[in-house]
Each structure stands twice: as C-alpha cells, then as structure tokens.
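See structure below.
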Number of protein chains: 2
Amino acid sequence: MRELRVVGGPPPERADAAQNRRRIVRAAAELIARHGPEAVSMDEVARAAGVGVGTVYRRFGDRARLVYAVIDDRERGFQDAFIHGPPPLGPGAPAAERLRAFLHALADRTEAQADLLVMAESGPPDARFRDGSYALYHRHLAMLLGRIRPGADAAYLADALLAPLAANLFLYQRRTRGMPLGRVKAGLDALIAGLIPGLNRTDHDPSGEGL
Amino acid sequence: MRELRVVGGPPPERADAAQNRRRIVRAAAELIARHGPEAVSMDEVARAAGVGVGTVYRRFGDRARLVYAVIDDRERGFQDAFIHGPPPLGPGAPAAERLRAFLHALADRTEAQADLLVMAESGPPDARFRDGSYALYHRHLAMLLGRIRPGADAAYLADALLAPLAANLFLYQRRTRGMPLGRVKAGLDALIAGLIPGLNRTDHDPSGEGL
DNA sequence: AGCATAACTGGAGTATTCTCCGGATACAAC
DNA sequence: GTTGTATCCGGAGAATACTCCAGTTATGCT
C-alpha cells in the first residue's frame with residue numbers, strides 16, 4: 001500500500017536535502033552566535049555547513065529567510081505559549097488581558113532577538129511579512145481584537161499594533177533614543193488603552209508595574 | 001567686514017561641491033523617473049551626473065540618503081503645509097483635528113512616494129529615522145499629542161503612530177493584502193480614536209467620508 | 001598675485017549577495 | 001539489480017554597494 005501525496009501539495013523533500021537544511025541552519029546559528037549577526041556572510045555559512053553557496057540559496061531563497069529560520073529555531077517555545085500556554089498569555093484570560101500580555105511578550109522577544117531581527121528585516125522590503133511568524137502574530141492579534149471591538153477593522157489594527165515592534169524602530173528607540181524596555185511596554189499600553197472599552201480614560205499603568 | 005561662521009557649525013560647502021550635489025540629485029531623479037527606482041545603480045547615477053562614484057558617496061554617504069534627498073526635493077511643499085499652511089493641517093484647528101489631518105496627509109504622501117520610500121528605507125536599518133523629515137514628523141506629532149493628552153508619553157506615541165506608515169508595511173497592505181487607501185486612513189482613525197478624549201466610544205468615521 | 005592647506009574628485013579595488021547550469025545523486029518503477 | 005529521471009549540488013560568474021587614496025582644485029590669508 002503506497003501513501004498518496006496530497007493533491008497539489010509540494011513534492012516531498014529529499015532526505016539529503018533535508019539534512020543539508022539542518023546543517024545550514026545549525027552552521028548559521030553557530031557562526032552568528034560566535035561572530036555576531038552582521039559579520040557572517042553567506043559564503044561563510046556555506047563553507048561551515050560543508051555545502052556550496054548555491055545550495056544555501058536553493059534551500060532558503062535569500063539571506064532574510066535563512067535568518068528567520070534561525071530565529072524560528074530559537075523561539076519555538078514562545079510561538080505556542082500564546083496559543084496553548086497558561087493565561088494571561090494563553091486562552092482562559094479575557095481578550096483584553098491577553099492582548100496586553102501578548103504585546104509585552106512580543107516586546108520581550110524583540111528585545112531578545114533584536115540583532116537577528118534587524119538583519120532579517122533588511123533585504124527584501126516584504127521580508128518581515130512573508131515570514132510565517134508574522135502571519136501567526138497577525139492572526140492572533142486580529143482574533144483578540146475581533147473579540148474586543150467587534151466593529152473595528154481587526155486586520156488593519158493588527159498590522160498597526162505590530163508595526164511599532166518592527167525591529168528597526170525598536171532598536172532605534174532602545175539604543176539611539178535610549179528608551180528603557182519598560183517605557184516601550186508602557187507606551188504600547190497607552191496605545192491599546194484606547195482600543196479597549198472601559199480603559200480609555202486613564203493614563204495610569206493598569207498593572208501597577210510602573211515603567 | 002567678514003561674516004563669521006557659527007561656532008561649532010559645519011564648514012561651508014565649497015561652490016563646486018554644491019553644484020555637484022545638485023547635479024547628482026537631478027540625475028538621480030531623472031534616472032529614477034525613467035527606469036524605476038530599483039533599476040538605478042549608484043554607478044549609473046554617477047555617470048549620468050558626470051562625476052565619479054566616490055563623489056556621490058562623499059556627498060550622500062549611502063544610497064538611502066541619496067534617495068531621501070530626491071524625496072525631499074519632491075515634497076518640500078508638504079513639509080510646511082502642516083507647519084505654516086491653513087487648517088485643518090496647519091495651525092488654527094484643534095489639535096485633535098490636526099492630528100487626524102496630518103496622518104491622512106502622510107498616508108497620501110506615502111502613497112505617492114511609495115516606491116521611492118521603500119528603496120530609501122532599505123539599506124541601513126536606521127535609514128528612516130536619521131533622515132531629517134522623520135524627525136520633523138515626529139516632533140510635530142509629539143507636539144500635537146502633548147496637547148491632546150498631557151499625561152501620555154508623546155515621544156513614544158509619535159513613533160508608534162508613524163510606524164504603521166512605514167513604506168514597507170504600507171506597500172504590503174496596499175499591494176499584497178489589497179487594502180484600499182481609504183481603508184488605511186480609516187484604520188488610522190480607529191487607532192487614534194482611543195487617544196482622543198471624547199471620541200473613543202464610536203467606531204463611525206467622524207468625517208462621514210466612509211472608506 | 002602667490003601660497004598653504006583643507007576639501008574635493010574619480011576610478012580602481014574590495015566585499016558581498018545572488019544567479020546559472022553542467023554534472024552528480026537519491027528515489028521510484030520494473 | 002538496473003534504469004530513468006526529477007531533484008539536488010556546488011562553484012564560477014555577474015551585479016552592485018561601498019571604500020580608499022593619489023592627484024587636483026577651490027579658498028582664505030598675507
């Protein structure tokens with residue numbers, strides 16, 4: 001009995017190709033960890049992985065996608081913390097609380113991966129959006145917003161709330177403007193306060209954490 | 001009687017250098033208009049301007065700054081429409097109305113210059129922020145926000161309201177997601193509605209323009 | 001006018017991303 | 001096992017952003 005391929009699905013990846021992919025990602029991650037994200041060229045990655053540079057491009061298409069593959073490797077845990085994990089990030093808490101918790105968690109992730117993210121978001125202008133994780137965050141945010149404000153344009157607002165966490169702006173605020181991380185989170189709170197019925201009259205930090 | 005240079009100011013630009021700068025910007029603008037922004041290499045610009053490529057880099061530092069120079073050339077009018085122009089964009093209208101008008105005008109500008117802006121915002125990650133116009137928009141927005149919500153973090157919120165109008169996101173929404181321009185503006189209205197006391201309870205378009 | 005010097009010029013050179021395609025190879029069918 | 005073929009491999013090559021520096025020129029001072 002032979003298993004049939006899903007109609008229209010992509011052809012399965014050959015075993016050697018899959019192994020090469022893993023080797024490339026691992027080599028890239030190690031080089032980045034050792035020399036910093038900017039100092040690592042595609043040729044070096046290819047050599048360290050023991051493959052030709054053509055293979056790297058065949059697997060990943062461009063530099064941005066390779067870097068995203070490294071990032072995804074690091075944050076698989078975060079990716080389902082807000083889907084399956086415990087409240088307030090995961091299901092169980094009110095949507096407004098989940099929204100806030102999600103943005104804070106995303107700020108923490110951006111802080112942790114900032115250099116890698118900046119590198120990934122350079123390159124093609126749509127690099128950030130075509131990556132699977134952006135779509136995931138967008139869907140999640142749109143779902144929460146849809147519950148909080150049924151009449152609003154959740155798809156637009158999801159993009160608009162993700163935009164201030166673009167790595168280039170985030171890093172500019174943190175490094176050049178010198179804003180502490182807590183101030184960024186408090187600013188995000190102020191931004192969403194207006195979108196949450198019942199909170200829009202106060203400028204106080206609802207959690208009492210201060211900045 | 002000799003005129004003294006302002007202490008600490010940059011040395012004045014030599015006459016031939018100023019002429020070369022104008023020739024470079026003009027050549028770049030013409031090449032971009034003819035072949036599209038992506039098809040223009042720095043070497044071509046240099047040749048068309050009749051200078052060496054080293055001169056282009058001496059004047060502008062990198063590709064992003066050259067493109068911003070071309071953009072600035074095109075929108076000098078817009079730059080003071082919201083500073084000296086008539087209401088609701090310029091002074092005279094309530095701050096909340098000016099805020100809304102400004103974001104709409106900025107959306108129109110982003111629409112008009114989208115390809116150029118995308119090109120300019122590629123390159124160094126902080127390309128967008130170090131350009132003079134970003135600082136101008138940021139100051140203006142922070143000033144308006146400071147009047148509307150004295151207690152809020154105007155500097156952060158100004159960045160956050162500029163973020164959804166980053167060219168790469170804007171173009172992705174317009175072209176890939178297929179959002180009409182009016183929907184972007186309506187979404188921005190929804191975003192700021194929460195920041196403006198008294199408007200935060202309605203999802204209606206306050207202007208009645210629809211989308 | 002002549003001179004000293006700081007600024008400018010331009011093109012060869014470097015580094016890097018990404019493309020292309022002839023040859024090798026894994027996998028399926030028999 | 002053998003064979004056919006779709007997929008994959010890898011390095012040479014093209015394109016291009018940016019650097020460097022030896023020679024030139026504008027500018028201010030005397």
Side-chain angles (χ1 to χ4, degrees), chain A residues 1-5 9-24 27-28 31-32 35-69 119-127, chain B residues 1-5 9-24 27-28 31-32 35-70 118-127:
Chain A
M1 181 65 66
R2 182 131 315 152
E3 100 182 285
L4 296 179
R5 196 198 306 159
E13 188 174 56
R14 246 165 63 174
D16 54 342
Q19 184 185 5
N20 274 341
R21 156 180 291 145
R22 283 192 298 273
R23 286 207 296 189
I24 292 167
L31 281 176
I32 287 170
H35 301 107
E38 327 213 339
V40 77
S41 76
M42 299 299 265
D43 283 25
E44 282 175 308
V45 171
R47 262 219 329 269
V51 302
V53 72
T55 300
V56 177
Y57 279 93
R58 164 167 288 274
R59 296 283 96 203
F60 294 96
D62 59 27
R63 185 192 175 84
R65 274 189 265 247
L66 172 58
V67 177
Y68 269 120
M119 167 123 305
E121 292 175 15
S122 302
D126 61 345
Chain B
M1 179 66 65
R2 182 133 317 152
E3 102 183 283
L4 295 180
R5 194 197 310 159
E13 190 173 57
R14 250 166 60 172
D16 53 343
Q19 186 185 1
N20 274 342
R21 156 181 290 146
R22 281 191 300 271
R23 288 206 297 189
I24 291 167
L31 282 176
I32 286 170
H35 301 109
E38 326 214 341
V40 180
S41 74
M42 300 297 267
D43 283 25
E44 283 175 307
V45 170
R47 265 220 324 273
V51 302
V53 73
T55 301
V56 177
Y57 279 94
R58 165 166 286 274
R59 292 288 97 204
F60 295 96
D62 60 28
R63 185 191 175 84
R65 274 189 265 247
L66 171 59
V67 178
Y68 269 119
V70 174
V118 160
M119 166 123 305
E121 293 176 13
S122 302
D126 60 345

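Hydrogens, waters and symmetry mates play no part in the numbers below; they use all other heavy atoms, side chains included. Reminder, nothing fancy here: chain letters follow the sequence lines and each chain counts from 1.
Residues meeting the side-chain contact (heavy atoms from CB on, under 4.5 Å) test with Q19(A), sequence neighbours left out: R22(A). The side-chain contact (heavy atoms from CB on, under 4.5 Å) test applied to A64(A) returns D62(A), P124(A), A127(A), R130(A), not counting sequence neighbours. A search for side-chain contact (heavy atoms from CB on, under 4.5 Å) contacts involving P125(A) returns V118(B), S122(B), N168(B), not counting sequence neighbours. Scanning for salt bridge (charged side-chain N to carboxylate O under 4.0 Å, His left out) contacts around R23(A) gives an empty result, with sequence neighbours left out. Applying the side chain to side chain donor-acceptor pair (under 3.5 Å) criterion to R59(A), with sequence neighbours excluded, gives E13(A).
Rounded to an integer number of Å, the gap from CZ of R63(A) to P of dA15(C) is 16 Å. Nucleotide dC18(C) holds its C1' atom 13 Å from the CZ atom of R65(A), rounded to whole Å. Spacing between atom CD of E44(A) and atom P of dA15(C) amounts to 12 Å, rounded to whole angstrom units. Residue E38(A) contributes atom CD, which lies 12 Å from atom P of dT16(C) at whole-angstrom precision. R21(A) has its CZ atom 13 Å from the C1' atom of dC8(D), to the nearest Å. Rounded to an integer number of Å, the gap from H35(B) NE2 to dA15(D) C1' is 17 Å. Per the geometry, CZ belonging to R47(A) stands 13 Å off P belonging to dT17(C), to the nearest Å. Between Y57(B) atom OH and dT16(D) atom P there is a gap of 12 Å when expressed in whole angstrom units.
Nearest approach of A27(A) to V45(A), heavy atoms of both residues: CB-O, 4.2 Å. Counting all heavy atoms, side chain and backbone alike, F60(A) lies closest to I24(A) at CE1-CG2, 3.6 Å.
Side-chain N/O atoms of T55(B) include none lying less than 4.0 angstrom from OP1 or OP2 on dC8(C). Between N20(A) and the phosphate of dC8(D), there is no side-chain N or O to OP1/OP2 separation shorter than 4.0 Å. At the phosphate of dT16(C), neither OP1 nor OP2 sits under 4.0 Å from any side-chain N or O atom of S41(A).
Nucleic acid contact for R59(A): sugar-phosphate only, since backbone atoms but no base atoms lie under 4.0 Å from a heavy atom of the residue. At the heavy-atom level, D43(A) lies under 4.0 Å from base atoms of the strands shown. Using a 4.0 Å heavy-atom cutoff across all strands shown, V53(A) reaches at least one base atom of the nucleic acid.
Closest to the side chain of M42(A), from the set dT9(C), dA17(D), dT17(C), is dT17(C).
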Quick one: side chains of residues 49-58 of chain A, donor-acceptor pairs under 3.5 Å with protein atoms, not counting sequence neighbours, listed by atom name and distance.
none

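By the 4.5 Å heavy-atom criterion applied to side chains, M119(A) and I32(A) are not counted as neighbours.
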Within the sub-3.5 Å range, which N or O atoms of nucleotides 20-24 of chain C have a protein N or O partner, and how far apart are they?
none

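Note on the helix from dA1(C)-dT30(D) to dC30(C)-dG1(D): angle between the axes of the first and last five pairs equals 20°, rounded to 10 degrees.
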